[in-house]
Every structure is written in structure tokens, then in C-alpha cells.
Amino acid sequence: MKTPRAVPATDQPSPPQDEATTGPPRPRGLRHNTRWLMVFLCFLGMTVNYVDRATISISLPYMTDDLHIGPEWQGVILSMFFVTYALGQLPAGALIDRYGEKRMFAIGGLIWSLVTVGTGFVRGIGSLLFARLALGAGEAPAYPSCAKSVSRWFPVRERALANSVWDNGARAGTAVAAPVVTALIAWQGWRMAFWVTGGVALLWVALWLKAYREPSARGGLSAEERAYVMAGGARLEEHPAEKTAAPEPAEKTATREEPAVRWRDLFRHRTVWGMMIGFFCLNYVIYFFITWFPSYLVDARGFDLLKLGFYGALPGIVAIAGSLLGGWTSDTLLRRGWSVTRARKTCLVCGMLFSSVIAFAVLVPSAMWALALLSVSYASLAFSAASVASLPADVAPTPRHVASLGGIQNFASNLAGVLGSTTTGLLLGFFHHSFVAPLMLSGALCIVGALTYGLVIKRVEPLRLSAA
């Protein structure tokens with residue numbers, strides 16, 4: 001006999017999707033828009049996060065002589081970060097759901113900042129590989145922490161735009177890293193680049209701990225803002241440390257039926273696998289820009305250090321606009337009456353299809369035309385990414401599973417970092433340093449991602465979990 005499915009009393013049931021996209025008017029004034037300050041702090045964190053991870057990509061061509069790194073080791077060094085970063089997503093998501101995004105993001109930030117500073121002291125391949133593994137572990141809580149924060153602070157109809165804001169930290173960090181890191185290398189060498197970027201990360205940790213607040217804490221949501229976000233479907237559960245309610249009577253808890261929603265139960269759903277495969281394809285291409293893109297400009301297009309610092313920032317800058325456009329488009333479609341499923345999938349599929357133009361970059365003789373195509377591809381990926389970041393909150397069966405789902409899909413996406421960095425290195429070696437095969441493969445995976453989001457994910461709605 002099956003136990004009837006019930007929603008735990010400590011969790012808020014998701015409102016129907018038509019109710020989640022309507023509600024009370026948006027509150028006016030800074031005091032009633034604290035949620036935007038919180039997402040800006042997440043944006044700063046992701047910006048610093050990506051500057052620190054991009055420092056190795058920009059510095060690597062200038063580290064090879066000092067550390068005696070051959071070409072066969074470069075792909076391995078770049079991929080080591082993604083081993084611990086991908087594996088760390090699974091426990092990070094569960095820990096964030098349990099202990100909160102503020103605590104876990106700060107712990108991760110402290111680890112990755114110290115590791116970045118330490119990378120400036122490495123003396124060989126062994127210590128550099130260890131530093132890359134440690135950096136991946138430290139940066140693992142970043143993505144699910146930001147996704148969790150937005151799910152708690154924002155209604156459904158603002159969720160994609162809010163997610164595009166913090167997710168743009170990836171583009172901003174990549175864009176900022178190119179001129180800043182190259183300037184530091186030109187000034188005092190690659191070691192100074194790691195010391196400075198790691199020090200900036202320590203400053204962000206202090207700011208995060210000082211300024212970020214829980215929605216229910218003093219200085220968090222005002223009464224007007226709370227009413228607005230809750231009516232709009234914010235996943236506003238309270239963490240254990242915030243709860244002050246007295247325990248329920250024994251006779252009530254004994255009769256209430258609650259399903260035991262286990263973390264591994266999430267993998268039973270087709271939607272979750274669609275999220276994983278689609279994000280794998282998207283991130284495979286994004287991580288080309290984070291890892292091999294500087295080498296592509298130097299080796300395939302003949303850019304010197306000055307050109308690399310200037311032109312290398314352009315795709316990231318264009319992608320920032322693409323991300324904001326993606327978030328605005330998804331939320332606008334919801335406000336115009338589209339279902340969450342239709343709005344999210346339209347943005348996901350269209351963005352992935354347009355991003356496949358990366359494959360045409362190998363066909364144009366001009367470096368500027370290639371750079372333009374790569375910029376369009378990156379912007380299209382960012383357009384989709386705003387909706388990707390919203391999926392965990394959209395489909396989580398309860399608010400306590402948002403970060404777990406964010407960690408699961410980010411785990412799959414960062415396997416692409418491991419495979420992509422290594423595969424690109426192997427293809428370059430096999431095809432005599434030609435980037436034709438790597439870019440053609442990236443374009444093909446963009447098409448696969450579009451098909452996955454369009455066909456594997458049927459509906460974007462809270463997963464239905466039942467006890468056995």
C-alpha cells in the first residue's frame with residue numbers, strides 16, 4: 001500500500017504557475033528592494049571567483065618556461081580544477097540546503113582566495129596540480145549558493161533576471177581578468193597576478209560576511225517586500241538556525257505523514273537528467289572561453305600580449321548583455337502570460353542554437369570576424385544560462401532541494417570542464433595545434449544541448465516526489 005504524498009509542514013508548497021506570475025505590485029523604494037542588493041553581492045562574488053579561476057588560463061603561456069611545463073601537461077593542469085569543482089558540487093549543494101548560503105559561500109571564498117595566493121608560490125608541476133585541485137574544491141559552493149539565494153529572495157517573475165545578474169559575474173570576471181591579469185604579468189610577472197587576485201578575493205569574503213543577510217534576519221525583507229516575493233512564489237524556507245517556533249505536540253507529529261525525500265531520489269526524474277545533459281553541453285563551450293580562448297588568440301590568430309589584453313575581453317563584455325537580455329526575456333514572457341515551461345524552454349533552445357556559430361569561426365580568415373562569431377556564441381550561451389540558473393528553483397520539489405538541484409546540474413556541467421580542457425588539448429596535439437576540430441566539436445554540442453532542453457525536459461514545474 002502506497003503512502004499518500006504530502007508536503008512537509010516546514011516547507012512551503014509551490015504556488016500554481018499562473019499565480020506565481022501574478023500578485024501584489026512591486027514595492028517601491030530602496031528599503032523594500034533589499035533583494036537586489038543581495039543579488040549584487042552574489043554578482044561580486046562570482047566576478048572574483050571567475051577572475052581567480054581565469055588567472056591560470058591567462059598566465060599559463062607565460063608560466064611554461066619557468067615551471068618547465070610541456071604542451072602535454074597544459075590540458076591536464078587546466079582540467080584538474082574541474083575534477084574537484086565538479087565532484088564538490090554534490091556535497092556543496094546539500095550543505096548549502098542545510099547550513100545556508102551565507103556560511104557556505106564564505107567558507108568556499110576563504111579557501112579559494114588562500115589557494116590563489118598560494119599558487120603564486122608554486123615551483124613545479126606537482127605543486128601546481130595540487131593548487132588546481134584545491135581551487136576547484138574551494139569554488140564549488142559558489143554557483144549553488146547564488147542559486148539558493150535568488151530562490152529565497154525573488155519571486156518567479158523576477159527570477160531569471162536576478163539569476164542573470166549574479167551569473168554575469170562569470171562574464172564580468174572573465175572580461176576583467178584579461179586586461180588586469182595581463183597588466184600584472186607585464187608589470188611584475190605571473191606570480192604577482194596570483195597574489196593580487198587572491199588578495200582581492202579575501203576582501204570580498206569580508207564584505208560578504210558583513211553585508212549579506214538572511215531574508216528573515218534583521219534588515220532582511222521588509223513586510224511589503226516579503227508579501228511581494230512570497231505571493232510571487234519565492235522559495236522562502238528558513239534554515240534550521242533561523243527557526244524559533246516551538247516543537248509541535250507529539251500527537252500531531254505522529255499523525256502527520258511526510259515523505260522522506262532523499263537526495264538520490266532526485267536522479268529518478270527525466271527533468272533532472274535533461275538539466276544535467278543540457279548544462280553539460282552549454283558549459284563545455286563556455287569553458288573553452290575560460291580555459292583555451294587566450295591560447296587560441298595567441299597561437300591561432302597571432303595576438304601579442306597587448307592585443308590579448310584588449311580583444312580578449314570583448315566576448316565576455318558582449319556576453320554580459322546577452323545574459324541580461326536572456327533574463328529579461330524569460331521574465332517578460334512570464335509577465336505576458338506565458339507558462340514557466342514555455343518561457344524557459346524558448347530561451348534555452350534559442351540561445352543554444354545561436355551559440356553553435358562558434359563552429360564557423362574556423363572558416364573565416366580574418367581574426368576580427370572570428371572574434372565576432374565567438375562573441376555571438378558566448379552571448380548566446382549567456383542568454384540561455386539565465387534560464388538554466390532558474391531551473392533548480394523552478395523544479396525543486398521543496399525549498400530544501402534548490403541548492404541540491406543546483407549542485408547536481410552544476411556537477412554535470414563541470415564534467416564538461418574536465419573533459420573539455422583535456423579533449424581540446426588532445427585534439428590540438430593530434431591535429432598539429434589546429435583549433436578546427438575543437439571548435440567544430442563545440443558547435444555540435446550546442447545543437448545537442450538545444451535538442452536536450454527542447455525534447456528531454458517536458459515541463460518546467462516542481463518535481464513530484466512520493467514516499468515508497
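The model shown is predicted, which means the values in this text are computed figures rather than measured ones.
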For the residue pair [X] and [Y], what are the closest heavy atoms and their distance?
| X | Y | answer |
| --- | --- | --- |
| A106 | V205 | O-CG1, 4.0 Å |
| V285 | C446 | CG2-SG, 3.6 Å |
| Y453 | K345 | O-CE, 3.2 Å |
| P141 | G108 | CG-CA, 4.2 Å |
| S404 | A94 | OG-CA, 3.8 Å |
| G173 | V51 | O-CG2, 3.4 Å |

Tell me, do [X] and [Y] make a side-chain contact under 4.5 Å, heavy atoms counted?
| X | Y | answer |
| --- | --- | --- |
| S59 | M63 | yes |
| L297 | L371 | yes |
| F154 | S149 | no |
| T34 | R213 | yes |
| F105 | K148 | no |
| I457 | T452 | no |
| V395 | M275 | yes |
| W112 | V48 | yes |

Go through the steps to decide whether I111 and I107 satisfy the test side-chain contact (heavy atoms from CB on, under 4.5 Å), and finish with yes or no. CA-CA 6 Å; I111 293 172; I107 292 173; 4.2 Å; yes
In Å and rounded to the nearest 0.5 Å, what is the [atom1] to [atom2] distance from [X] to [Y]?
| X | Y | atom1 | atom2 | value |
| --- | --- | --- | --- | --- |
| Y212 | L44 | OH | CG | 13.5 Å |
| L373 | I358 | CG | CD1 | 9.5 Å |
| D167 | C42 | CG | SG | 11.5 Å |
| S145 | K102 | OG | NZ | 13.0 Å |
| W153 | R159 | CH2 | CZ | 15.0 Å |
| L419 | N414 | CG | CG | 11.0 Å |

Without swapping roles, check the side chain of S356 against the backbone of L353 for a donor-acceptor pair under 3.5 Å. yes
Assess whether side-chain contact (heavy atoms from CB on, under 4.5 Å) is satisfied between R157 and D331, documenting all intermediate values. CA-CA 5 Å; R157 59 183 173 274; D331 288 345; 5.6 Å; no
So which pairs with a foot in residues 372-386 pass side chain to side chain donor-acceptor pair (under 3.5 Å), sequence neighbours left out? none
Which residues pass the side-chain hydrogen bond (donor to acceptor under 3.5 Å, both in side chains) test with [X], sequence neighbours left out?
| X | answer |
| --- | --- |
| R344 | S330, D394 |
| Y284 | none |
| Y143 | Q409 |

Determine all donor-acceptor pairs shorter than 3.5 Å in which one atom belongs to a side chain in residues 81-91; sequence neighbours excluded.
{"residue": "T84", "atom": "OG1", "partner": "F81", "partner atom": "O", "Å": "3.4"}
{"residue": "T84", "atom": "OG1", "partner": "L133", "partner atom": "O", "Å": "2.5"}
{"residue": "T84", "atom": "OG1", "partner": "A137", "partner atom": "N", "Å": "3.4"}
{"residue": "Y85", "atom": "OH", "partner": "R53", "partner atom": "NH2", "Å": "3.2"}
{"residue": "Q89", "atom": "OE1", "partner": "N410", "partner atom": "ND2", "Å": "2.9"}
{"residue": "Q89", "atom": "NE2", "partner": "Y85", "partner atom": "O", "Å": "3.2"}
{"residue": "Q89", "atom": "NE2", "partner": "A140", "partner atom": "O", "Å": "3.1"}

Test V176 against V181 for side-chain contact (heavy atoms from CB on, under 4.5 Å), laying out the working first. CA-CA 8 Å; V176 167; V181 174; over 6 Å; no
Please step through side-chain contact (heavy atoms from CB on, under 4.5 Å) for the pair D52 and E139, ending with a clear verdict. CA-CA 10 Å; D52 284 7; E139 293 200 358; 4.0 Å; yes
If we check side-chain contact (heavy atoms from CB on, under 4.5 Å) with M352, which of these qualifies: L381, I447, L451? L381
Atom CH2 of W273 with >12 non-hydrogen neighbours under 6.0 angstrom: no
Set of ring pair (Phe, Tyr, Trp, His ring centres under 6.0 Å) partners for W328, sequence neighbours left out: none
